[in-house]
Amino acid sequence: MSIQRTKPYDVIIIGAGSVGTPTAMSLAQAGFRTLVVDSGASVGQGANKRAIGGIRATFSDAAKIRLCLRSLEVFSSWKEQYGDDIEWVKGGYVFVAYREKEEASLKGLVEVQQSLGLNINWLEAGELLKIVPDLNPEGLRGGTFSPDDGNASPLLAQHAFFDHAMAYGAQFRFNEPVVEMIVENEKVVGLKTSQGEYYADVIVNAAGPMARPLAQMVGIDLPVYPDSHEAGITEPVAHFLDPMIVDIRPAPGSSNYYFYQHATGQIVFCITPQPNLWGNDVRETSTFLPMVTRRMVDVMPKLKNIRVRRTWRGLYPMTPDGFPIVGWSKEVKGYLLATGMCGQGFMLGPGVAELVTRLVEDCQTNFDGEILAQLSPYREFQGQETLK
Ligand SMILES: Cc1cc2nc3c(=O)[nH]c(=O)nc-3n(C[C@H](O)[C@H](O)[C@H](O)COP(=O)(O)OP(=O)(O)OC[C@H]3O[C@@H](n4cnc5c(N)ncnc54)[C@H](O)[C@@H]3O)c2cc1C
């Protein structure tokens, strides 16, 4: 994409969230005159602040693995490089197996994951219990352990990306919902918000769960659907757990669930409802807590006396196959999609940010072709990412 530099901005990003804010930093650092517009009052007020902070590269396919490996480098070195504390903790991830089915599926993936450079191994039950002594040993067959994964604060990370984006010259306009796109001769040239009009060569749709109505403004029917998920946090207790625990066994009403102990002692947890809860409703439900706590106590009986402090609900920007959508629109020139991050937008953010910058620069690395093919807006959207 060649930037003409005839307009006030090179790039306008719609959405100052998990993807838009690090993308603004990356683009501004690369020298692009960047504007971010968001309907919220500050950064990270959409899905970002609802995320529980898990960061992993343990996926089933190359695109997410490669992007998240890069994100892990960014998150884990952030304090050293930029000085801000984003509460990064390298606690690792453990996917447990209590049935032959999950054991076979996790073992099958380890080979692919290792071939793509992931530090991950299958551990038999005895070895796994040395890492997580409080796992229920009854029926435990083993699990995968990826020690380089971890967690960080979505809000602190957003504010760190925001501060550095501003320092590199990016501009942000809050409380300005985008209401219309300005298209001339099949090329997007700007947008209108509730406050005014802004012009640029490239518009990036990073509107997360709201990406579809934004894409409809330029006539694209984007398969990104808001899918609501709940999370909760307990009181703080003395440190006893390092990795994020993920159990991918389905049960009535849910598929997987996962939890970890935050550096300040609280257990933070989530569950994936089955079937999905489509729509924009972010009111907490009465079904979430009994469903998830029963499953957590089953896999870690020690949790039975811990008290829950708060629950909340947010939206995943979900795609039919569980993979993000990153790439140029073919219908409207200059329109770039960076959305559909599903349940992993926080961890994908920095990796996607750099990929978007390379697309705008028109300068791609060896792996970008493969990543962009997997994340293409024009793929079939069939199949499923196994560890989504
Ligand atoms: C309970 C829960 C737990 C999660 N846990 C994790 C986790 O552990 N790790 C992880 O990686 N991910 C997690 N996620 C997923 C993660 O939160 C999302 O994938 C991610 O935040 C999506 O990023 P985004 O930038 O695409 O969207 P957002 O962060 O929502 O950003 C989109 C922005 O666009 C703005 N916007 C929307 N419409 C308009 C408009 N018309 N005009 C202007 N601005 C607009 C919004 O205000 C918002 O700020 C979790 C999500 C939930 C709900």
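Atoms within each ligand, like the ligands themselves, are counted from 1 in listed order. Position 1 is the first residue of the sequence; numbering continues from there. Hydrogens, waters and symmetry mates are skipped; everything else that's a heavy atom, side chains included, is used.
Comparing heavy-atom distances from atom 19 (O) of ligand 1 across S71, A47, S18, C342 singles out C342 as nearest. In this comparison of S228, P209, G345, G15, the heavy atom closest to atom 16 (C) of ligand 1 sits on G345. Nearest-heavy-atom check against atom 1 (C) of ligand 1 across R313, M217, Q158, R50 picks out R50.
Proximity to F346 (heavy-atom distance under 4.0 Å) selects the following atoms of ligand 1: 10 (C), 11 (O), 12 (N). Each of the atoms 53 (C) of ligand 1 lies under 4.0 Å from some heavy atom of L315. Remark: ligand 1 atoms within the under-4.0 Å shell around heavy atoms of A231 are 1 (C). Every atom of ligand 1 with a heavy atom of P177 under 4.0 Å away is listed here by number and element: 42 (N), 43 (C). Close approach to C270 involves these atoms of ligand 1, each under 4.0 Å from a residue heavy atom: 1 (C), 3 (C). Using a 4.0 Å cut-off to heavy atoms of G53, the atoms of ligand 1 that qualify are 7 (C), 8 (O).
A salt bridge is absent between E127 and K130: the closest approach of a Lys/Arg side-chain nitrogen to an acidic carboxylate oxygen does not fall below 4.0 angstrom. In summary, K79 and D84 do not engage in a salt bridge, as defined by a charged side-chain N under 4.0 Å from a carboxylate O. Salt bridge annotation for R5-D201: absent, with no cationic side-chain nitrogen under 4.0 angstrom from a carboxylate oxygen. Using a 4.0 Å cut-off between charged side-chain N and carboxylate O, R70 and E354 make a salt bridge. Note on R313 versus E284: no salt bridge recorded, every NZ/NE/NH1/NH2 to OD/OE distance being 4.0 Å or above.
Using a non-hydrogen distance threshold of 4.0 Å, T339 does not register as a contact of ligand 1.
Every residue meeting the side chain to side chain contact (heavy atoms under 4.5 Å, CB included) condition with E370, not counting sequence neighbours, appears here in chain and number order: A62, R66, F367. Applying the side-chain hydrogen bond (donor to acceptor under 3.5 Å, both in side chains) rule to N151 yields no partners; only residues at least two apart in sequence or on another chain are considered.
The proximity of M210 to ligand 1, defined as any non-hydrogen pair under 4.0 Å, is limited to the side chain. Contact annotation: for P154 versus ligand 1, there are no heavy atoms closer than 4.0 Å.
Given atom 31 (O) of ligand 1, the protein heavy atom at minimum distance is G17 CA, 3.3 Å. Closest protein heavy atom to atom 41 (N) of ligand 1: L214 CD2, 3.3 Å.
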